[in-house]
Amino acid sequence: MKIYDTMQKKVVPFRLNKNRIVKMYVCGPTVYDSPHIGHAKTYIFFDALAKYLRAQGFQVFYVQNITDLDDKIITKAAQENLPTEIISKRYLMDYLKIMKSLKIDSVNLYVPATMEFRKIISQIKTLVRKGYAYETDDGVYFSVSRFPDYGKLSGQDLNSLRSGSRIDINENKRDPRDFVIWKKMKPGEPYWDSPWGKGRPGWHIEDTAITDAFLGKTYDIHGGGSDLIFPHHEAEIAIERSVSGRKILSRYWIHTGMLNIEGEKMSKSLHNYVTIDEVLKDFTPEDLRYALLNCQFNTQLSFSGELMEESRKNVNALSSIYNKLKQKAGDENMESDYSIINSLDSFLEYNIDFRGMFSKLMSYVSEWNKNLDAMDSREASLSLSALKWVNEFTGVIREGENSARSDDLIRLLLSARKSLRTAKDFSSSDAIRSGLRKLGVHIEDQGSETIWWYSDTEGE
RNA sequence: GGAUAGGUGGCAGAGCGGUCAUGCGUGGGACUGCAGAUCCCAUCUAAUAGGGUUCGACUCCCUACCUAUCCUCCA
């Protein structure tokens, strides 16, 4: 497998240790507001990546942080006149609920930054002791000049950063490039006690404390949106390598391209965002997963209504053939068709190209539709195995299965409907169809057979 | 100004130095009680501009122009 590594700025072979354990870390959200579909793009990709690696036989330990103390949370809390913990807890619950609704369930551990508070303090202490950080009137700063590799990940030149006029002039900093790792409390702000008085940690050191605690001083994959490359990931490298004394923090740096809308990055500050909840009112999680995976992960993707409509069609086509094949396969023992799976996998082997894989998959779907009538149960089962393989990590197929009891009820209704259709009582049979559709059950007549699946959204 | 990606048919978006991407859209047909889905045919004779290399370039090289992201909190 090969993958684009931001540090080396090219597609490189993905090599891992012999025991096939992958330690993976992805920067999670700051919990001060509901996530939008730009966030979804990143988290769905890493969900699919973790599941794909697991399907390939790797043991993936996937950790994500939650930034639950931060200026934005403080601002929000002040606006609502509530304690910061109430705000962060509310949006943490919101975030977890939404992740679940998007079928993102590959993360082994979500770690709120406040949980690793002791580690944060001990890291700052170490940095100060080793001379990498210094205390001022308003906080503790990391001294960038002490870390020559600063700028390597983002391709920034240290000197051009120094003269950068866009960096805030802060009298307390010895060097404008230095970044804060401990902020001393201002009146009215939440605080923790520390050797440097009351205050709170800076953003960058929250992550290094968590990775150090759960993944060690060197791990395999560090991921996040491309907007985190500078300064966040750059700062993480500077902090952790200064603490550990090692040459490498993460073996691979994987960054997802931004989601654009009308030619610009979707973001809170530009007020051009669409929340995940809003999209899920009109589309299924599968539709959104397909839409956001159907691109090169490290390039930008434009969001639009057409994109969602196109995805819905493709998800429908996949779900339709999936359920048709399933019906045809019956109880046939599942063997895997490796010729198909390998041809699909070849797209993932080179830079996890889900889009390329989908385009190949759609060609197979067309083939299967053509040959469906002539297929026997074994052939159907083989084709089905490829779809199951894809769905294992992409999660883009709507399956016609839920609890056994409701499945049985639906089958009962469909057999009644079949009798009505045979008797040409179409008004009654159509009433059953539209009634089921309102309950989120999609049905299609295939000659004398009827296939069905749960569509999640209510019928129009 | 610097860094990183790009500029392909109505849209999204691949690969490849000379042969169908794929999907959506559009037009027509088949099938169907109707929906839906599916299949067939067609549509689009695509490549930011200007040079160069070549028997031949969308694909390689150079130049110009343009777009987005980052250089400030941000997935």
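Here is how names work: the chains are called A, B, and so on, in the same order as the sequence lines, proteins then strands, and each is numbered from 1.
- Crowding of Tyr350(A) atom OH: a count of heavy atoms from other residues, nucleotides or ligands under 6.0 Å not exceeding 12.
- One atom, OH of Tyr110(A), and another, C1' of rA75(B), lie 13 Å apart when rounded to the nearest Å.
- Pro231(A) comes within 4.0 angstrom of the backbone, heavy atoms only, and of no base.
- In terms of position along RNA chain B, the nucleotide closest to Asp430(A) lies nearer the 5' end than the nucleotide closest to the other residue of the pair Asp430(A) and Gly38(A).
- Within the 6.0 Å centre-distance limit, the rings of Tyr43(A) and Tyr95(A) are counted as a close aromatic pair.
- Looking at heavy-atom distances under 4.0 Å, Glu264(A) makes contact with sugar-phosphate atoms alone, never a base.
- rA12(B) and rU8(B) have their P atoms separated by 8 Å, with the value rounded to a whole Å.
- At a cut-off of 3.5 angstrom, counting only N and O atoms as typed in the model, there is a donor on one side and an acceptor on the other between the side-chain of Arg421(A) and the base of rG33(B).
- Atom pair Phe358(A):CZ and rG15(B):C1' shows a separation of 18 Å (rounding to whole Å applied).
- Contact between the side-chain N/O atoms of Lys9(A) and the OP1/OP2 oxygens of rA5(B) is not found at any separation under 4.0 Å.
- Judged by a 6.0 Å distance limit and a 45° cone about the ring axis, Lys268(A) is positioned over the six-membered ring of Tyr32(A).
- For Met308(A) and rA12(B), the CE to C1' distance is 14 Å, given to the nearest whole Å.
- Pairing for rC60(B) goes to rG52(B), judged as Watson-Crick or G-U wobble with the two contacts each under 3.5 Å.
- One finds a side-chain N or O of Lys313(A) lying less than 4.0 angstrom from the OP1 or OP2 phosphate oxygen of rG25(B).
- For the pair Asp207(A) CG and rA75(B) P, the interatomic distance rounds to 11 Å; values are reported in whole Å.
- Classified by interplanar angle (parallel below 30°, tilted 30° to 60°, perpendicular above 60°), the ring pair His222(A)/His233(A) is perpendicular.
- Remark: rA3(B) base-pairs with rU69(B). Criterion, Watson-Crick or G-U wobble with two distances under 3.5 Å.
- In this structure, Lys370(A) reaches the sugar-phosphate backbone alone: every heavy-atom distance under 4.0 Å involves primed, P, OP1 or OP2 atoms, never a base.
- Of all nucleotides present, only rA42(B) satisfies the Watson-Crick or G-U wobble test against rU26(B), with each distance under 3.5 Å.
- The gap from the C1' atom of rG25(B) to that of rG6(B) amounts to 25 Å, rounded to the nearest Å.
- If you check distances only, the side chain of Asp445(A) does reach the base of rC34(B) with a donor-acceptor pair under 3.5 Å.
- The nearest whole Å value for the distance from the CD atom in Gln156(A) to the P atom in rG2(B) is 12 Å.
- Here Tyr43(A) lies in heavy-atom contact (under 4.0 Å) with sugar-phosphate atoms only.
- Considering only side-chain N and O atoms, Ser311(A) lies nowhere under 4.0 angstrom from the phosphate OP1 or OP2 of rC24(B).
- Distance check on atom C1': rC55(B) versus rC62(B) gives 22 Å, rounded to whole Å.
- For the pair Leu259(A) and Gly155(A), both in contact range of RNA chain B, the more 5′-proximal nearest nucleotide belongs to Gly155(A).
- Both distances falling under 3.5 Å, in either a Watson-Crick or a G-U wobble arrangement, occur for no nucleotide opposite rA21(B).
- Using cut-offs of 30° and 60° for the angle between ring planes, the Phe179(A) and His204(A) rings count as perpendicular.
- For His255(A) and rU4(B), the NE2 to C1' distance is 12 Å, given to the nearest whole Å.
- Atom C1' of rG51(B) sits at a distance of 22 Å from the matching atom of rA46(B), rounded to the whole Å.
- Summarising the base pairing, rA37(B) is matched to no nucleotide, lacking a Watson-Crick or G-U wobble pair whose two defining distances lie under 3.5 Å.
- Judged by distance alone, with hydrogens and angles left aside, Arg355(A) brings a side-chain donor or acceptor within reach of the base of rA12(B), the pair sitting under 3.5 Å.
- Between the side chain of Lys72(A) and the base of rC73(B), at least one donor-acceptor pair of N or O atoms lies under 3.5 Å.
- As rounded to the nearest Å, rC58(B) and rA42(B) have C1' atoms that lie 25 Å from one another.
- Of the possible donor and acceptor atoms, none in the side chain of Ser366(A) sits under 3.5 Å from a partner among the backbone N and O of Met362(A).
- Taking atom C1' in both rA14(B) and rU22(B), one finds a spacing of 8 Å when rounded to whole Å.
- Proximity of Lys360(A) to the phosphate of rG23(B): no side-chain N or O atom is located under 4.0 Å from OP1 or OP2.
- Rounded to the nearest Å, the gap between the C1' atom of rG17(B) and that of rU59(B) is 6 Å.
- Within the 4.0 angstrom heavy-atom criterion, no nucleotide atom of any strand lies near Ser434(A).
- In the interface, the side chain of Arg177(A) is not paired with the base of rC71(B) through any donor and acceptor atom under 3.5 Å apart.
- Separating the P atom of rG33(B) from that of rA21(B) is a span of 37 Å, rounded to the nearest Å.
- Shown here is Lys89(A), whose NZ atom has no more than 12 heavy atoms of other residues, nucleotides or ligands within 6.0 Å.
- Residue Tyr273(A) places none of its side-chain N or O atoms closer than 4.0 Å to OP1 or OP2 of rA75(B).
- A cation-pi arrangement, defined by a distance under 6.0 Å to the six-membered ring centre and an angle within 45 degrees of its axis, is present between Lys360(A) and Tyr364(A).
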